[in-house]
There are 2 protein chains.
Amino acid sequence: MGYPREQSIQQATEVFWLKGYLGTGMRDLQTALDKRPGSIYSAFGSKEGLYLEVLSHYTGVLHGQIMAVANSDTPLQQLREFLLLPLTVDDSAAHKIQCLIVKTQADWAELPQGVKSELQSALAHLREAFQAVIFKARSTGELAADIPVERAAMWLQGQFIAMRTLATSVESPASLSWMVDKIVSDLSGEWAQ
Amino acid sequence: MGYPREQSIQQATEVFWLKGYLGTGMRDLQTALDKRPGSIYSAFGSKEGLYLEVLSHYTGVLHGQIMAVANSDTPLQQLREFLLLPLTVDDSAAHKIQCLIVKTQADWAELPQGVKSELQSALAHLREAFQAVIFKARSTGELAADIPVERAAMWLQGQFIAMRTLATSVESPASLSWMVDKIVSDLSGEWAQ
DNA sequence: GCTAAATTTGAGCGATCGTTCAAATTAATA
DNA sequence: TATTAATTTGAACGATCGCTCAAATTTAGC
């Protein structure tokens, strides 16, 4: 039943990640997938349908990475490496520094409803993974027992967004590695109620 | 020499802020400004030209707000109020929570070169204002004398971005006000070299 | 009030958008 | 190999894109 979807999804991810949802045209996708429009429409239904599969796959991978951090014995140490990753991509993949979800969210008002609700779900899903990291770090003693887990998870997601957005706008993303230290340090800082 | 540009720039700001650069069509702008295409083109040259004036005006206002924080006697206290502002807009203006510059930056790969370079300049310009805040807070004693000013300024810009991005994705932005306390608190936290 | 200059109008240009579907091709079955 | 079913092809559709420019209108100077 048709050509392998996985490869197409990965190729489409590249395009959407580089150009955004609005900025990507079906003809960009036709070129990237080396498929004619009818093929893409029979496999994915629409541009939105293809994007939703891209988003689902992307979110799954990212969620898996964060859960791997949560499941390690030294979650805070692994968190460091996870946060450092996007700072060390080579220039040709500079667009991959920014989170695909955050990038798409910027076009909010113009997105189809289906994309909007999936973006919300994706953000919530990733927040759960961040929460698992906090939870685990608390249980290993790397974080204090009284840390507010939900707030810290949302805050951590915010730091993730901040770092990747800033890294997108500087010439040398690796020079922002001190931010990772600051994030981990601030995790043990004040959490006033 | 033509109709008042200021009003048009403000009306165009509304549209670009809601729909983004790519998502905004000339017909959206024609409706918002109540002008026919020829008028807009004679006044601003192109969609890009109009957007550049919008961006310049927007950046100027935001820069002024941050400099007002820097020039106050209690910059950290004023910073708190400045950061809280976007959390209390009413639902009809929800799109104004996100920073227009950050929003436009998400479409990076598809932007005209002129917009790209102006975005970079705008971010750098605002960072200078954040730096002035840090500098002033250090001189008033609200921050420690050994705080790394440049890093703290970039970090603060990151927190500004994080808060506004997160606030865009939750149903009740005001519920994130604790983040403002965390930001001010972390400003006095560790700044390891 | 008349003329000339400045400004605004809006129909419409060529290009591109997401999408469709009859026809051609390929794969599966007997 | 003949027949059918599944898949892919690609020309083309209507809508919309940023933008142009001759004509109509408004403004300015005398």
Side-chain angles (χ1 to χ4, degrees), chain A residues 1-55 103-104 106-116 118-119, chain B residues 1-55 103-104 106-116 118-119:
Chain A
M1 39 181 69
Y3 57 85
R5 300 165 64 88
E6 287 190 19
Q7 186 183 347
S8 290
I9 290 172
Q10 281 180 8
Q11 290 161 333
T13 301
E14 289 291 320
V15 183
F16 280 122
W17 210 343
L18 179 62
K19 302 197 157 199
Y21 182 78
L22 294 182
T24 298
M26 284 307 297
R27 283 153 189 84
D28 295 321
L29 295 166
Q30 289 159 30
T31 301
L33 310 200
D34 191 25
K35 294 276 176 302
R36 266 36 65 196
S39 277
I40 299 178
Y41 276 85
S42 96
F44 299 101
S46 64
K47 174 183 168 183
E48 175 182 352
L50 175 51
Y51 177 79
L52 287 177
E53 297 219 31
V54 163
L55 179 62
K103 176 171 182 140
T104 310
D107 289 322
W108 189 256
E110 298 299 289
L111 298 174
Q113 187 54 48
V115 172
K116 282 189 192 180
E118 276 310 306
L119 282 178
Chain B
M1 38 182 70
Y3 57 86
R5 302 164 64 88
E6 287 189 18
Q7 186 184 346
S8 290
I9 289 172
Q10 282 179 9
Q11 290 162 331
T13 301
E14 289 291 320
V15 184
F16 280 122
W17 211 343
L18 179 62
K19 303 196 158 199
Y21 182 79
L22 293 182
T24 298
M26 283 308 297
R27 283 155 189 82
D28 296 320
L29 295 166
Q30 289 159 31
T31 301
L33 310 200
D34 191 25
K35 294 277 175 302
R36 267 34 68 195
S39 278
I40 300 179
Y41 277 85
S42 96
F44 299 101
S46 64
K47 174 182 169 183
E48 176 182 351
L50 175 52
Y51 177 79
L52 287 178
E53 298 219 29
V54 163
L55 179 62
K103 177 173 182 136
T104 310
D107 289 322
W108 189 256
E110 298 300 288
L111 298 173
Q113 186 54 47
V115 172
K116 282 191 193 178
E118 277 310 306
L119 282 178

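Computed from a predicted structure; not experimentally measured. Labels below follow one simple rule: chain letters A, B, ... track the order of the sequence lines, proteins then strands, and each chain is numbered from 1.
Atom OH in B:Y21 sits about 12 Å away from atom C1' in D:dC17, given to the nearest Å. Atom NZ in B:K35 sits roughly 19 Å away from atom P in D:dC19 (whole-Å rounding). Across the protein-nucleic acid pair, A:K47 atom NZ and D:dT16 atom P stand 15 Å apart, rounded to whole Å. At whole-Å resolution of the value, NZ in B:K19 and P in D:dG18 are 11 Å apart. Rounded to whole angstrom, the span from the CZ atom of B:R5 across to the C1' atom of C:dT7 amounts to 14 Å. A:F16 places its CZ atom 9 Å from the P atom of C:dG18, with the value rounded to the nearest Å. One can place CZ of B:F44 at 14 Å from C1' of C:dT8, the figure rounded to the nearest angstrom. Atom CE in A:M26 sits roughly 13 Å away from atom C1' in D:dG10 (whole-Å rounding).
When each of A:R27 and A:I40 is assigned the nucleotide of DNA chain D bearing its nearest heavy atom, the one mapping closer to the 5' terminus is A:I40. Nucleotides of DNA chain C nearest to B:P37 and A:L22 differ in position, and the one nearer the 5' end is that of B:P37. Looking at which nucleotide of DNA chain D each of A:D34 and B:G23 is closest to, the 5′-most match is held by A:D34.
Using a 4.0 Å heavy-atom criterion, one finds that A:G25 contacts the sugar-phosphate atoms exclusively.
Two residues are said to be in side-chain contact when any heavy atoms from C-beta on lie closer than 4.5 Å; A:R27 and A:T31 fail this criterion.
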Starting from the C-alpha separation in whole Å, work towards a yes-or-no answer on side chain to side chain contact (heavy atoms under 4.5 Å, CB included) for A:L55 and A:T104. CA-CA 10 Å; A:L55 179 62; A:T104 310; 5.8 Å; no

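Regarding contacts with the backbone of D:dT9, a side-chain N or O of A:S39 is found under 4.0 angstrom from either OP1 or OP2. Checking the phosphate oxygens (OP1, OP2) of D:dT8, no side-chain nitrogen or oxygen of A:R36 falls inside 4.0 Å.
Ring geometry for B:F16 versus B:Y21: interplanar angle under 30°, hence parallel rather than tilted (30 to 60°).
Checking C:dT9, D:dT9, C:dT20 against the side-chain heavy atoms of A:Y41 singles out C:dT20 as nearest.
One N or O on the side chain of A:K103 and one on the backbone of A:W17 form a donor-acceptor pair closer than 3.5 Å.
Between the side chains of A:Y51 and A:T24, no donor N or O sits under 3.5 Å from an acceptor N or O.
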